[in-house]
Amino acid sequence: MNSKSVALPFRTTLLNWYETHQRNLPWRQTRDPYAIWLSEIILQQTRVEQGQGYYHRFITTFPDVQTLAAAPLQEVLKCWQGLGYYSRARNLHATAKALVNDHQGRFPETYEGLLTLKGVGSYTAAAIASIAYRQPHAVLDGNVFRVLARLFLIDTPIHSTAGKKQFAALADTLLDPHHPDTYNQAIMDFGALQCVPSKPDCARCPMKERCLAHNRDAVALVPVRKAETAKRVRYFYYFVCRQGNDLFLRERTGKDVWQHLWEFPLVETEQPCTLESLLSSPEVMAWLGDSFTLHTPVSLKHTLSHQLIHALFIPVDIVATTLPGFTRVSPSAMETTPVSRLIDLYLSKL
DNA sequence: TTCCAGCACC
DNA sequence: GGTGCTGGAA
């Protein structure tokens with residue numbers, strides 16, 4: 001295959017399509033690296049429709065890198081609550097502080113410099129370099145993998161070492177070096193709107209004549225991904241200790257999900273267990289004290305990328321006014337306390 | 001109810 | 001290579 005001979009007609013067709021189909025997104029109205037960086041971090045693993053509301057809240061609350069750096073992490077996490085992959089918010093905050101403290105609040109102006117930022121990998125570095133600085137770096141996100149795998153009928157697994165090399169080389173050949181910003185946004189929009197993951201409308205596709213997957217009836221077969229590993233199953237028993245309208249929570253620490261988010265007293269097991277056995281454990285007895293009132297437990301199932309959590313929320317009115325190791329949180333203080341989607345969902349059902 | 005899409009770090 | 005989330009489509 002001679003990639004160069006297909007690059008020009010591909011770019012032309014793509015840019016023609018983009019002129020009439022491009023999405024109007026708020027972060028496309030700027031070349032401010034801060035705004036572009038913020039939008040790209042939010043959009044990692046996140047759909048544009050969901051990301052827009054968060055982007056608006058962030059850019060309003062933290063209009064520049066100085067404001068973000070000066071904010072407490074808890075405020076950033078609260079703004080991020082519900083978006084998932086909370087390390088993105090922690091890295092966002094850490095990077096803002098590093099930029100302000102060590103680089104006068106200015107962003108690196110090269111791809112390699114951008115790569116040194118926490119939370120910025122090859123995709124995000126290429127996106128910022130091309131969109132904010134118009135440097136010729138091809139982005140390779142899920143959309144681009146899909147478009148290229150279909151057009152050139154590539155069945156190399158996209159995340160294998162060989163696949164990454166092959167797709168990166170191809171993407172670099174196709175990139176329009178004079179308009180890397182427009183080109184990159186065009187191919188991502190093309191993947192998001194036209195060359196969609198399932199049942200794309202190939203009859204209306206401007207690329208169909210030269211799409212190998214379409215011509216060979218193999219659109220559904222590519223891109224190829226590696227089989228994913230089995231999910232870990234965990235059982236969470238949350239004791240929702242209540243003192244009047246107040247609740248007791250603590251911050252999650254350690255190398256696990258939901259770092260720095262807050263939660264109720266928790267017993268975790270690998271196997272399901274009975275409420276009776278939990279109530280006889282010394283830890284739980286210490287939380288509940290001698291006199292308490294149990295209420296009907298609420299069961300929720302929560303799926304994470306590599307885990308399945310069976311959660312049981314057990315509301316208990318307790319007599320004690322303090323719980324060692326926990327913070328007593330009033331309903332109004334809950335408004336500023338970041339919690340996981342799981343706990344948010346439980347609270348919303350009350 | 002299940003499946004699936006979407007990057008970075010350790 | 002394993003791990004971190006959520007919401008919308010199927």
Side-chain angles (χ1 to χ4, degrees), chain A residues 37-55 77 80-95 111 114-128 137-147 149-150 157-164 167-168 171 184 187-189 191-201 220 222-234 236 252-261 263 299-311 338-346 348:
Chain A
W37 165 70
L38 177 61
S39 74
E40 291 298 343
I41 300 297
I42 288 175
L43 292 176
Q44 288 169 6
Q45 311 295 79
T46 301
R47 296 204 142 63
V48 163
E49 311 83 68
Q50 193 199 4
Q52 285 201 64
Y54 282 87
Y55 174 78
L77 282 171
W80 195 272
Q81 182 173 306
L83 247 197
Y85 290 111
Y86 298 90
S87 63
R88 292 182 292 166
R90 300 194 301 267
N91 288 334
L92 189 81
H93 188 235
T95 293
Y111 174 84
L114 290 162
L115 266 185
T116 66
L117 303 179
K118 269 188 184 174
V120 175
S122 55
Y123 163 76
T124 309
I128 300 173
H137 289 95
V139 294
L140 217 41
D141 74 343
N143 291 308
V144 179
F145 277 118
R146 188 170 58 253
V147 171
R150 286 176 177 166
I158 56 177
H159 291 122
S160 65
T161 310
K164 281 185 219 167
F167 281 92
N184 276 337
I187 192 168
M188 290 192 286
D189 270 15
L193 301 174
Q194 171 64 236
C195 196
V196 295
S198 81
K199 298 185 177 35
D201 188 359
V222 286
V224 174
R225 300 157 199 286
K226 300 182 298 216
E228 67 179 279
T229 51
K231 278 184 163 43
R232 172 153 75 120
V233 181
R234 307 169 75 173
F236 280 19
R252 274 184 79 90
T253 54
K255 272 185 56 180
D256 197 2
V257 296
W258 305 326
Q259 252 186 74
H260 302 306
L261 303 193
E263 67 182 0
S299 155
L300 290 176
K301 208 160 64 169
H302 194 68
T303 309
L304 287 69
S305 54
H306 302 94
Q307 305 186 28
L308 172 60
I309 296 173
H310 295 275
V339 298
S340 66
R341 201 82 186 95
L342 172 62
I343 292 194
D344 192 38
L345 199 64
Y346 166 73
S348 73

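Chain identifiers are assigned alphabetically (A, B, ...) following the order of the sequence lines, protein sequences preceding nucleic acid strands; residue numbering begins at 1 within each chain. Remember, predicted model here, so these are calculated numbers, not experimental data.
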Checklist entry - When we call it a touch if two heavy atoms are under 4.0 Å apart, what does A:Q259 touch: a base, just sugar-phosphate, or nothing? => result nothing
Next on the checklist: In this structure, how many angstroms lie between the P atom of B:dA5 and the CD atom of A:Q45, rounded?
Outcome noted: 12 Å
Checklist outcome for this item: A:I41 CD1 to B:dG6 P, in whole Å, measures 18 Å
Checklist entry - Going by modelled atom types, is there a donor-acceptor pair between the base of B:dA5 and the side chain of A:R47 at under 3.5 Å? => result yes
Item to check | Base of C:dG2 paired with side chain of A:H306 (donor-acceptor, under 3.5 Å) | outcome: no
Checklist entry - Does a nitrogen or oxygen in the side chain of A:S198 sit under 4.0 Å from OP1 or OP2 of C:dA10? => result yes
Next on the checklist: Nearest whole Å is fine: how far is B:dG6 P from A:L193 CG?
Outcome noted: 12 Å
Item to check | Nearest-nucleotide comparison on DNA chain C, the residue closer to the 5′ end among A:G82 and A:K199 | outcome: A:G82
Checklist outcome for this item: Between the CD atom in A:Q194 and the CG atom in A:N143, the distance rounded to the nearest 0.5 Å is 12.5 Å
Next on the checklist: Any side-chain N or O of A:R341 below 4.0 angstrom from OP1/OP2 of C:dG7?
Outcome noted: yes
Checklist outcome for this item: note: A:L83, atom CG; C:dG8, atom P; distance rounded to Å ~ 12 Å
Next on the checklist: Please determine whether a side-chain nitrogen or oxygen atom of A:Q44 lies at a distance below 4.0 Å from atom OP1 or OP2 of B:dA8.
Outcome noted: yes
Item to check | Rounded distance in Å - NE2 (A:H302) to P (C:dC5) | outcome: 8 Å
Checklist entry - Hey, does A:Y85 reach any base, or is it just sugar-phosphate, or nothing, if we go heavy atoms under 4.0 Å? => result base
Checklist entry - So, A:W37 side chain and A:I41 main chain: donor-acceptor pair closer than 3.5 Å or not? => result no
Checklist entry - For the pair made of NZ in A:K255 and C1' in B:dA8, what is the distance, rounded to whole Å? => result 14 Å
Checklist entry - Separation of A:H159 atom NE2 from B:dG6 atom P, in whole Å? => result 10 Å
Checklist entry - Ignoring hydrogens and geometry, is there a side-chain-to-backbone donor-acceptor pair from A:R88 to A:Q44 under 3.5 Å? => result yes
Checklist outcome for this item: A:Y86 OH to B:dG6 C1', in whole Å, measures 16 Å
